[in-house]
Amino acid sequence: MCMIKAYLPFLAAGICLRFFVWRKNDETGEKPMRKQKKKQGTARTYKTAPNFTAQHLLHHPETIRQLIRSARLSSADTVLDIGAGKGSLTFPLADQAGKVIAVETDAEFVRVLRAKAEGDPRIRIIHGDFRLIRLPKEAFHVAANIPFSITTPILEKLLGPEGRAFQRGVLIVEKGAARRLTQSETGDPRLLLWRMHFVLKMQSVIPRAHFAPPPRVDAAVLRIERREHPMIPVQHSARFVGFAKHMLREPRLAAAHALRGIFTPAQIKASMQLANVSREQPVRSLTLEQWASLFCSMLQHVAPHRWPKG
Ligand SMILES: C[S@@+](CC[C@H](N)C(=O)[O-])C[C@H]1O[C@@H](n2cnc3c(N)ncnc32)[C@H](O)[C@@H]1O
């Protein structure tokens, strides 16, 4: 009895800790990491710290059909399924595309995928972290219900220099993330850069009930298409980020003021006229065309030593 009494405070502390961890996972809307069976022999190897795995599997047949249809794939296409799970998208995608590359970190899911895809030359399964794999060099598309917890690293990889062969994609992301990525006004220089090269659109909302287990929030389909003609020269991408950061130090400031550190007064007048920017227009309300025009004016007329650093 005395022994039990002595252990009671530790037991209570343990229960509190479990509750706290559970609440934390609940707040993020993510499921805690699944435990791996040791005997599978394909132990998880992370080069970076493990993240929540976000295993919200899509189980709604019509939503799956719509996503596959909207990916507009042909038998000549290569498509990436990022976070393939048990293959709810992988196999329907293989019926449309020439080649599907399915990337998945979870050893148990990879085992299921390999068993289902055995002998199917159209499907290649990569057991690994998408953030660490090498992207195809030939043109490719993406159709995926991605792990929400790594939405930004996934976009950085696809829309940055590494993803130079990425053409277009339909990605299921958190609805809030889809809104942020597609609303017209933004104060995020990197998002502006992505928009110079890609068109991002929120295509449709997917109710949380279409996933198992359901996430805490609804999801949405984010459509991404590479622009045929980028709005700024690709080789000046890093410079564009430097320019946008400089301009967005105070997003509510009138563009004419924000341009001061870079352009002379005469250059400000001319470049604003060319970009059709009004005198009091705040920086954060500049349209993509205005951003591109002001930036190109800087490249053309301002001495490189005055260009803001990234
Ligand atoms: C939202 S689920 C989607 C699963 C499946 N595509 C579906 O729709 O049913 C995301 C999947 O990504 C996997 N995952 C999590 N982190 C990953 C990473 N860094 N690289 C690749 N896959 C990852 C999870 O194990 C999970 O199976």
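Just so you know, these numbers come straight off a predicted model, no measurement behind them.
In this structure a side-chain-to-backbone donor-acceptor pair under 3.5 Å is present from Asn145 to His56. At distances below 3.5 Å, not a single donor-acceptor pair connects side-chain atoms of Glu185 with backbone N or O atoms of Ser285. Judged by distance alone, with hydrogens and angles left aside, the side-chain atoms of His301 form no donor-acceptor pair with the main-chain N or O of Ser271 at under 3.5 Å. The backbone N or O of Arg239 lies less than 3.5 Å from no partner atom in the side chain of Trp307, so there is not a single donor-acceptor pair. The closest donor-acceptor contact from the side chain of His127 to the backbone of Val103 lies at 3.5 Å or more, if one exists at all. The closest donor-acceptor contact from the side chain of Arg226 to the backbone of Phe166 lies under 3.5 Å. A donor-acceptor pair is defined here as one N or O able to donate and one able to accept, closer than 3.5 Å; no such pair exists between the side chain of Arg164 and the backbone of Leu159. Within the 3.5 Å criterion, the main-chain N or O of Gln203 finds no donor-acceptor partner in the side chain of Arg223. In this structure, the side chain of Arg168 engages the main chain of Arg72 through a donor-acceptor pair within 3.5 Å. For the pair Gln267 (side chain) and Thr264 (backbone), a donor-acceptor distance under 3.5 Å is present.
Between Arg124 and Ile126 the shortest heavy-atom distance is NH2-CD1, 3.7 Å. Looking at every heavy atom in both residues, Arg195 comes nearest to Thr186 through NH1-CG2, 3.5 Å. Summarising the geometry of Arg306 relative to Gly261, their closest heavy-atom pair is NH2-O, 3.7 Å, with the distance given to 0.1 Å. Contact record, Gly163 with Leu135: CA-CD1, 3.8 Å, taken as the closest heavy-atom pair. Scanning both residues, Val170 and Ala71, for their nearest heavy atoms gives CG2-CB, 3.8 Å. Taking every heavy atom of both residues into account, Ile262 and Pro308 meet most closely at CD1-CG, 3.6 Å.
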**OP:** Give the intermediate values and the outcome of side chain to side chain contact (heavy atoms under 4.5 Å, CB included) for residues Ile101 and Phe140.
**Re:** CA-CA 10 Å; Ile101 302 174; Phe140 71 94; over 6 Å; no
Original post:
For Ile172 and Phe211, what are the C-alpha separation, side-chain angles and deciding distance, and is it a side chain to side chain contact (heavy atoms under 4.5 Å, CB included)?
Top reply: CA-CA 11 Å; Ile172 298 181; Phe211 303 86; 3.8 Å; yes
**OP:** Please test His141 against Leu80 for side chain to side chain contact (heavy atoms under 4.5 Å, CB included), starting from the C-alpha separation and ending with a verdict.
**Re:** CA-CA 6 Å; His141 307 285; Leu80 243 71; over 6 Å; no
Original post:
Given the rule in the side chain to side chain contact (heavy atoms under 4.5 Å, CB included) test, do Leu57 and Ser88 qualify, once you have shown the distances and angles that lead to the verdict?
Top reply: CA-CA 8 Å; Leu57 307 190; Ser88 60; 5.7 Å; no
Subject >> Chi angles and distances behind the side-chain hydrogen bond (donor to acceptor under 3.5 Å, both in side chains) call for Asp81, Thr90 >> reply: CA-CA 6 Å; Asp81 181 1; Thr90 315; 2.7 Å; yes
**OP:** Apply salt bridge (Lys or Arg N to Asp or Glu O under 4.0 Å) to the pair Asp77 and Lys99, showing each step before the final yes or no.
**Re:** CA-CA 7 Å; Asp77 291 331; Lys99 185 174 170 191; over 6 Å; no
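Taking the six-membered ring where the residue is Trp, His210 and His60 present parallel rings, their angle staying beneath 30° rather than reaching 60°.
The number of heavy-atom neighbours closer than 6.0 Å to CZ of Arg208, taken from other residues, nucleotides and ligands shown, is above 12. Few gaps surround CD on Glu225; more than 12 heavy atoms of other groups in view lie less than 6.0 Å from it. With a 6.0 Å radius and a threshold of 12 heavy atoms from other residues, nucleotides or ligands, Gln235 has its CD atom above the threshold.
For the atom pair Asp95 CG and Leu93 CG, the distance stands at 9.0 Å (nearest 0.5 Å). Taken from OG1 in Thr105 to CG in Asp129, the straight-line distance is 6.5 Å, to the nearest 0.5 Å. Taking NE2 of His246 as the reference point, atom CE of Met298 lies at 9.5 Å (rounded to 0.5 Å). Distance check: Met247 CE to Arg284 CZ gives 13.5 Å after rounding to the nearest 0.5 Å. The CG atom of Leu286 sits 11.5 Å away from the CG atom of Asn276 when rounded to the nearest 0.5 Å. One finds the CG atom of Leu181 at 6.0 Å from the CG atom of Leu155 (value rounded to the nearest 0.5 Å).
Two residues are said to be in side-chain contact when any heavy atoms from C-beta on lie closer than 4.5 Å; Lys116 and Lys86 meet this criterion. Proximity of Leu192 to Trp291: side-chain heavy atoms (C-beta onward) are separated by under 4.5 Å at one or more points. Counting only heavy atoms from C-beta outward, the side chains of Ile154 and Ile82 approach each other to under 4.5 Å. When side chains are defined from C-beta on, Ile146 does not count as touching Phe130, because their heavy atoms never get closer than 4.5 Å. Taking 4.5 Å as the limit, every side-chain heavy atom of Val217 sits out of range of all side-chain heavy atoms of Lys175. No side-chain heavy atom of Phe240 sits less than 4.5 Å from a side-chain heavy atom of Val234. Side chains of Leu67 and Pro92 form no contact here, defined as non-hydrogen atoms less than 4.5 Å apart. Residues Pro282 and Leu253 fail the side-chain proximity criterion, which asks for heavy atoms closer than 4.5 Å.
Each of Phe91 and Val112 belongs to its own hydrophobic cluster when Ile, Leu, Val, Met, Phe, Trp and Tyr are linked at side-chain heavy-atom distances under 4.5 angstrom. Under the 4.5 Å side-chain heavy-atom criterion for ILVMFWY residues, a single connected hydrophobic cluster contains both Leu288 and Phe295.
A salt bridge links Glu62 with Arg69: at least one charged nitrogen is closer than 4.0 Å to a carboxylate oxygen. The pair Arg131-Glu162 does not meet the salt-bridge criterion, since no charged nitrogen lies less than 4.0 angstrom from a carboxylate oxygen.
Looking only at atom types and distance, the side chain of Gln281 has a donor-acceptor partner in the side chain of Gln290 under 3.5 Å away.
With sequence neighbours left out, Asp188 forms a salt bridge (Lys or Arg N to Asp or Glu O under 4.0 Å) with no residue at all. Among residues two or more places apart in sequence or in another chain, the salt bridge (Lys or Arg N to Asp or Glu O under 4.0 Å) test is passed with Arg179 by none.
Residue Phe243 forms a side-chain contact (heavy atoms from CB on, under 4.5 Å) with just one option from Val302, Ile232, Leu259, and that option is Leu259.
Val205 shares a hydrophobic cluster with Met202; the chain of contacts runs through ILVMFWY side chains whose heavy atoms sit under 4.5 Å apart.
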